[in-house]
Every structure is written in C-alpha cells, then in structure tokens.
There are 2 protein chains.
Amino acid sequence: MSPRIGADLASILSAAVELADSQGLDEVTMASLAAKLNIRSPSLYNHIAGLPALRNRLAIHGLEEICAGMERACAGQRGKEAIRSVARAYVAFAREHPGLHEATIRAPDPREPELRQAGERVVELVLRLLDDCGLTGAAALHAVRGVRSLIHGFASLEQKGGFALALPLEDSFDLLIDAFLAGIGVYELKL
Amino acid sequence: MSPRIGADLASILSAAVELADSQGLDEVTMASLAAKLNIRSPSLYNHIAGLPALRNRLAIHGLEEICAGMERACAGQRGKEAIRSVARAYVAFAREHPGLHEATIRAPDPREPELRQAGERVVELVLRLLDDCGLTGAAALHAVRGVRSLIHGFASLEQKGGFALALPLEDSFDLLIDAFLAGIGVYELKL
DNA sequence: AAATAAAACTAATCACATTAGTTTTTTATT
DNA sequence: AATAAAAAACTAATGTGATTAGTTTTATTT
C-alpha cells in the first residue's frame, strides 16, 4: 500500500488528543505535536493541512465521542430519564477529555460541513429523546437548544474553574437538570 | 504628574475592546494593539505586563460591564421577573460585545483575585434576586450555578454559531429561562 | 537650566506556523 | 535483482508575534 510508513492521521490525532487533555488545547501546536511523534513539524503537513485543520479534526473527533457516549448512556432509557443520562454523559466526557471538549467549543469554523454533521447527530439524538417527552416540531427544536445550553454552559464553567465555591458539583448539575425537566412543560404551552 | 504623556491603561483597554469586538479575541495581539495605538509593541510593556495580563484586564472589564448591565436591567424588579431581566441583559451584552464576552470566558487564570472578585459580584447580584424567589443557603448557591450555566451556555453557543437552524433565537432563550424558572421549585424540594 | 521619571524607540532573541525544495525509504515493477 | 514511483521524512528559509535589554526622547519638577 504505502511506499513508506510513518505517522498516519489516526496516530497524529491520538497524540493531539493526549496533548490537549493533558496540557490544554493551546499547548497543541504543530511543534509540540511533532515532538511527541518524534518527527519535525513540517512533516505533519504530509498528513494534515495545518493547525486549523487539526483543530477542526479534534472538534469532530470530540463530537463523535460525545455522541457515542450519549448513545451508550441512554441505551434502553426513555423520556426524562434518558435526557438526564445524556446530560450526565456530556459532563462526564468534558471531565475525562477536557482538551478535546475545549476543541469542540473552539472549532475554527463552525460551518465546516463535517463538523456540522457531527453536531447534528447530537442534536438528532436529543431530538429523539424529547419526542418521548411529547415534544415535537419547533418546540422540540427550541428544547434542544435549551438542553445544549445547559450542558455546555455547566461543563464549560466547571472546566474553566468558574465554580469556586465549595459546593458539590454533582448536586449542582443534577438540580439544574431537574429544574429544567420539571419546567419542560413550558415548551408545549408557549408554542 | 506625568513626565511624559503617552498611551494610558484606559486607552489601551478601550482599543483592545474595539479590536476584540470587531476582529475576535484572537486578533488582539500586542502587535495589532500597538498598531492601533500608533506605537510599537514593546512600548505597551510600559503599561501592561504582557498579553496574558491584557487578557485578564479585558476579562475583568467584561465582567464589570456585565454586572453593570444586569443591575440596570433588573432595577426595580423582583423575583422571577428580575432573573429573566438579568439573563436577557447577559445575552445582550454578549451580542454587543462578542470579543469582550469571549475574554470573560477565556481568562488566562480564573483564580486571579481581581477577576474572581468581579465574578463574585455577579454571583452576589443573582443571589440577591434568588432570595426574592425564596431560595437561600445552599439551594440558592446551586441555583446561581444553574443560572450561570444557562446564560453562559446559550450565549456561547449563539456566539460560536452553534445554533444553525432557522429558528428565532429570542424564543429559544425565553423558553429556556421560562422552563428553568418554572422548575426552580426543585431547589427547595430536593435540599 | 538641570535632573528626573515615564514613555517611546531600536535591536535582538525565541517560539511557532508554514512553504519550498531535497533526501530517504518502502513498495511495486521490470 | 535492479529500478521506478510514491509517500514520508528532512533541512532551510520566511514571516509573525511576544518579550527583553538597552537607549533616546520629552514633559515635569526642582
């Protein structure tokens, strides 16, 4: 197949993920990544177009992992229970993969097709669960935005150290989800 | 007073805000900022320690503006109405000052004292409003985390172009706040 | 008029991204 | 077995940006 074997995109991506999760997304540079792979940075360009392209790949990879984790988490569940599960899966992902999570947030261009698709898959998953809760159409679409805002906001703030007080994070998150789900009826009423 | 008049911290900050809001936070560099002020980048170090310090200042400034906007928005209001108002004020700020808002999220060190204080002032404001809703103690603290997650999550996603669908953003946000407020009772019940 | 302090400047260094052009190595072909 | 082709690695070079060191300029104060 290959006239010469070297780093391939998978190994590059995996090294980038490790770097991102251990050092933070900003420390993932063409230089640091090349060093981790024991090659020189120009060699990376044989595999990926540049740093923005790498970050885009990281973001896609992150969204795929998020989607997979959510699917796993809500398997066999329905309705509010399922929503609670996918929400927890999201923050769990952000904790396990802080750098990769950051990458999903700070993608270079949110309109990039493959990235968008990965995001849409998450939306579709949540949409399916909301359907079980009796939400369809525009109401459901608004509700997905709500769910995404909740989980993304909480995970981001937690990650950035925004929650300073000595108060169990787990409880804060569960209560937030509970409050939202308790009030989810407004999506039917007000539309 | 001053042996020689040049750029002062206020003018530097204001130039940085303009740059951030018009070009994005990443385009605020010591180089671009100096160019905007018609000086050379090393001269900036007479006024600020470096790029991280500048970003920290921007973040503090942003939080102060957010707090001021919230105070203004909820003046004379109480309870849920007031919470709705401060939430709207937050997203309004993020729309008017996308770069400054980004700065508040991506501060170099969330533990920096002055930054923390600015953040705490926002927390205290919301805490005061929640008190009107009958929430105190740990319940109120959890609820503030909830409110912050909501507004920060929504504003971030909106700013990053995360809401692709053609669905009015205003409605999505109002519904989200409504749902949360409708379910806010769980903070009393479950604690 | 001289001293001082603050601000600006130039010059230099270092890190990183990226491009161009060359060499190496493996596979496939003759 | 020798060689042609492909893919990957390399070196060298450029450009941008942050930052430091050391120098010059200029307004204020003595």
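Quick note on labels: first sequence line is chain A, next is B, and so on, each numbered from 1. Heavy-atom basis, side chains included; hydrogens, waters and symmetry copies ignored.
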Item to check | Complementary nucleotide of D/dA2, counting Watson-Crick and G-U pairs under 3.5 Å | outcome: C/dT29

Checklist outcome for this item: A/Glu114 meets the salt bridge (charged side-chain N to carboxylate O under 4.0 Å, His left out) criterion, sequence neighbours left out, with A/Arg57

Checklist entry - Among residues 21-34 of chain A, which contact DNA chain C at a heavy-atom distance under 4.0 Å? => result A/Thr29, A/Met30, A/Ala31

Next on the checklist: I'd like to check the salt bridge (charged side-chain N to carboxylate O under 4.0 Å, His left out) partners of B/Asp171; sequence neighbours left out, ordered by chain and number.
Outcome noted: none

Sequence neighbours excluded and cut-off under 3.5 Å, please list the side-chain donor-acceptor pairs for residues 24-34 of chain A, or say none.
{"unit_1": "A/Asp26", "atom_1": "OD1", "unit_2": "A/Arg106", "atom_2": "NH2", "d": "2.9"}
{"unit_1": "A/Thr29", "atom_1": "OG1", "unit_2": "A/Ala31", "atom_2": "N", "d": "3.3"}
{"unit_1": "A/Thr29", "atom_1": "OG1", "unit_2": "A/Ser32", "atom_2": "N", "d": "2.8"}
{"unit_1": "A/Thr29", "atom_1": "OG1", "unit_2": "A/Ser32", "atom_2": "OG", "d": "3.1"}
{"unit_1": "A/Ser32", "atom_1": "OG", "unit_2": "A/Glu27", "atom_2": "O", "d": "2.8"}
{"unit_1": "A/Ser32", "atom_1": "OG", "unit_2": "A/Thr29", "atom_2": "N", "d": "3.0"}
{"unit_1": "A/Ser32", "atom_1": "OG", "unit_2": "A/Thr29", "atom_2": "O", "d": "3.2"}

Checklist entry - Got a sec, which pairs hit salt bridge (Lys or Arg N to Asp or Glu O under 4.0 Å) with one end in residues 126-142 of chain B, sequence neighbours left out? => result B/Arg78-B/Asp132

Checklist entry - Taking only residues two or more places apart in sequence, or in another chain, which ones meet A/Asp21 in a salt bridge (charged side-chain N to carboxylate O under 4.0 Å, His left out)? => result none

Checklist outcome for this item: A/Glu158 meets the salt bridge (charged side-chain N to carboxylate O under 4.0 Å, His left out) criterion, sequence neighbours left out, with A/Arg95

Next on the checklist: Just to verify, what does A/Ala143 make a side-chain contact (heavy atoms from CB on, under 4.5 Å) with, not counting sequence neighbours?
Outcome noted: A/Leu130, A/Leu135, A/Tyr187

Item to check | Proximity to DNA chain D (any heavy atom under 4.0 Å), residues of residues 36-53 of chain B only | outcome: B/Ser41, B/Pro42, B/Tyr45, B/Gly50, B/Leu51, B/Pro52

Checklist entry - Can you check whether B/Leu169 reaches A/Arg145 side chain to side chain, under 4.5 Å on heavy atoms? => result yes

Checklist entry - Between atom CZ in A/Arg55 and atom C1' in C/dT18, what is the gap in whole Å? => result 15 Å

Polar atom pairs (N or O), protein with nucleotides 23-26 of chain D, under 3.5 Å:
{"unit_1": "D/dT25", "atom_1": "O2", "unit_2": "B/Arg4", "atom_2": "NH1", "d": "2.9"}

Next on the checklist: Holding to side-chain contact (heavy atoms from CB on, under 4.5 Å), I want the full list of residues that pass it with B/Ala53, two or more places apart in sequence or in another chain.
Outcome noted: B/Ile48, B/Ala49

Item to check | Contact list for residues 42-54 of chain A, test salt bridge (Lys or Arg N to Asp or Glu O under 4.0 Å), sequence neighbours left out | outcome: none

